*Asks:* 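Below: one structure in structure tokens.
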Amino acid sequence: MSKNYRAEITGVFGDPVDGNPTGVMEEAAYAACGLNYRYLTLKVTAEDFPDAMKSIRALHMKGMNLTMPHKITVIPYLDELSEAARIIGAVNTILVKDGKLYGENTDGKGFVQALENAGESLSGKNITILGAGGAAKAIAVECALAGAGSITIINRTIERALDLAEVIRTHTSTKSLSMKWEASQQIPADTDILINATSIGLHPQCDQKPDIDYDTIRDSMVVTDVVFNPAQTLFLKEAAQRGAKTISGLGMLACQGALNFTLWTGTSAPLEVMEETLRKEFEL
């Protein structure tokens, strides 16, 4: 058989996209598995997005990630959506299969997988989520689909919290409540899993943490953060000091990347390689 010099292409469309670390993780995984795949980090403006979408088929790509501002505007270009992507109303991953573009959202799935890898089940659990943005919505939907008993959304803008709670109630069997985020917000006492789904504490604002009453965190809670750099945020450190089990955002990012890897290659992802690559990248 003659040698194949053509690499299979994956990547990400976004603007801005220069700071997106996904390519480092995915290419390390491709190399570890001996796959002739490449991951391209591509700046695509909103004006150029229609042409970029044509390139997926024209260049016979295996799939693409999407980041801002394309997660919602991509939907009309797709042939099919997963259940989660349909409910969330946003897509972060495209799989090309038999010439069709399949839209998936692995943001929340990565969170759920990281939680399960840490030995935690969502079945029947009471979830409290700080924030109501894109990450919060993806996580809330996936937690509900994974069998969470109830989800409480706490957000500064109460209308967004109300909207997200309504999405959960409408599309899943999980109970959902909303609360306005007040100063030194207290965490509901029946919370099993507390999630910071905001960007508070993300590098370079490493000295910041969500404005909550940390003394309302109990040692029976699992506390998680979507922020991956630094891995141990002030939020998680405060929770750990009160005896809570903590799970960093690094695992969520790696699990999300692993899900993308498997969708595109059909191969099990080397999760440990991906996590270690991220740690080195962020000098953790």
Side-chain angles (χ1 to χ4, degrees), residues 84 87-88 105-155 160-161 164-165 167-169 171-181 184-202 209-228 230-256 259 275:
I87 296 172
I88 296 165
N105 194 310
T106 59
D107 285 334
K109 285 182 170 64
F111 173 85
V112 171
Q113 187 63 61
L115 209 63
E116 291 176 350
N117 289 349
E120 298 298 328
S121 169
L122 282 157
S123 181
K125 297 295 178 63
N126 296 322
I127 314 295
T128 297
I129 300 178
L130 303 175
K137 189 173 186 180
I139 288 170
V141 168
E142 291 293 353
C143 285
L145 293 175
S150 71
I151 298 175
T152 299
I153 310 297
I154 301 177
N155 196 58
R160 296 189 71 180
L164 180 47
V167 167
I168 299 303
R169 287 193 297 269
H171 296 284
T172 76
S173 59
T174 299
K175 295 187 295 184
S176 190
L177 308 171
S178 55
M179 297 174 59
K180 181 173 174 57
W181 192 337
S184 298
Q185 177 67 49
Q186 293 195 344
I187 302 305
D190 64 348
T191 298
D192 295 310
I193 301 173
L194 172 63
I195 305 163
N196 173 35
T198 77
S199 61
I200 299 170
L202 180 65
K209 60 186 178 182
D211 181 14
I212 65 173
D213 181 352
Y214 286 88
D215 287 333
T216 59
I217 293 178
R218 300 170 183 264
D219 59 10
S220 59
M221 295 180 185
V222 175
V223 179
T224 71
D225 203 331
V226 300
V227 172
F228 54 84
Q232 292 303 314
T233 58
L234 281 180
F235 173 71
L236 293 181
K237 289 177 181 178
E238 291 277 5
Q241 287 175 8
R242 288 156 177 83
K245 178 178 179 178
T246 62
I247 301 173
S248 81
L250 194 71
M252 173 184 170
L253 182 61
C255 286
Q256 174 187 319
L259 289 166
E275 289 180 339

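These numbers come from a predicted model, not from an experiment.
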*Asks:* Filter on salt bridge (Lys or Arg N to Asp or Glu O under 4.0 Å), then keep only pairs touching residues 123-135, sequence neighbours left out; what's left?
*Replies:* none
*Asks:* Could you go through the side chain to side chain contact (heavy atoms under 4.5 Å, CB included) check for I200 and V227 one step at a time?
*Replies:* CA-CA 8 Å; I200 299 170; V227 172; over 6 Å; no
*Asks:* My understanding is that only residues two or more places apart in sequence, or in another chain, count here; which of them pass side chain to side chain contact (heavy atoms under 4.5 Å, CB included) with T216?
*Replies:* Q186, I187, D213
*Asks:* Testing the basics here: between A254 and E275, what is the closest heavy-atom pair and its distance to 0.1 Å?
*Replies:* CB-CG, 3.4 Å
*Asks:* Search all heavy atoms of D225 against all heavy atoms of F235 and return the closest pair with its distance.
*Replies:* OD2-CD2, 3.5 Å
*Asks:* Filter on side chain to side chain donor-acceptor pair (under 3.5 Å), then keep only pairs touching residues 127-141, sequence neighbours left out; what's left?
*Replies:* T128-T191
*Asks:* With sequence neighbours excluded, what pairs up with K209 under the side chain to side chain contact (heavy atoms under 4.5 Å, CB included) test?
*Replies:*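 For K209, the residues satisfying side chain to side chain contact (heavy atoms under 4.5 Å, CB included) (neighbours in sequence not counted) are Y214, L234, E238.
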*Asks:* Donor-acceptor pairs under 3.5 angstrom involving side-chain atoms of residues 148-155: please list them, not counting sequence neighbours.
*Replies:*
residue, atom, partner, partner atom, Å
S150, OG, N126, OD1, 2.8
N155, OD1, A132, N, 3.2
N155, ND2, T157, O, 3.0

*Asks:* Under 3.5 Å, is there a donor-acceptor pair between the side chain of D219 and the main chain of A244?
*Replies:*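 No, D219 side chain to A244 backbone: no donor-acceptor pair under 3.5 Å.
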*Asks:* Is the shortest side-chain heavy-atom distance between L130 and L194 below 4.5 Å?
*Replies:*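 Result yes, sub-4.5 Å side-chain heavy-atom pair found.
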*Asks:* Rounded to the nearest 0.5 Å, what separates atom CG in L202 from atom OG1 in T233?
*Replies:*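 Rounded to the nearest 0.5 Å, the CG-OG1 separation comes out at 10.0 Å.
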*Asks:* I193 and side chain to side chain contact (heavy atoms under 4.5 Å, CB included): which partner among V223, I127, I129, I247?
*Replies:*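 Testing I193 for a side chain to side chain contact (heavy atoms under 4.5 Å, CB included) against V223, I127, I129, I247 leaves exactly one candidate, I127.
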*Asks:* Taking atom CH2 of W181 and atom CD1 of I212, what is their separation to the nearest 0.5 Å?
*Replies:* 7.5 Å
*Asks:* Taking all non-hydrogen atoms of both residues, which atom of I88 and which atom of A138 are closest, and how far apart?
*Replies:*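 In this case the closest contact between I88 and A138 is CD1-CA, 3.6 Å.
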*Asks:* Please name the pair of heavy atoms, one in S176 and one in A165, separated by the smallest distance, quoted to 0.1 Å.
*Replies:* OG-CA, 3.3 Å
*Asks:* Can you give me the closest heavy-atom contact between A197 and A135, atom names plus distance?
*Replies:* O-CB, 4.1 Å
*Asks:* Run the side chain to side chain contact (heavy atoms under 4.5 Å, CB included) check on V141 and T172 step by step: do they pass?
*Replies:* CA-CA 8 Å; V141 168; T172 76; 5.5 Å; no
*Asks:* Is it the case that over 12 heavy atoms from other parts of the model lie below 6.0 angstrom from the CZ atom of R169?
*Replies:* yes
*Asks:* Which residue pairs satisfy the salt bridge (Lys or Arg N to Asp or Glu O under 4.0 Å) criterion with at least one member in residues 105-121, sequence neighbours excluded?
*Replies:*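 Sorted result for residues 105-121: K71-D107, E104-K109, K109-E142, E120-K245.
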*Asks:* At their closest point, which heavy atom of C255 faces which heavy atom of G110, and how far apart are they?
*Replies:* CB-O, 3.4 Å
*Asks:* How long is the straight-line distance from OG1 of T174 back to CG of L122, given to the nearest 0.5 Å?
*Replies:*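 Output value for this atom pair is 9.5 Å.
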*Asks:* Just how far is it from atom CD of Q113 to atom CD of Q256, taken to the nearest 0.5 Å?
*Replies:*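 Interatomic distance, Q113 CD to Q256 CD, rounded to 0.5 Å: 12.5 Å.
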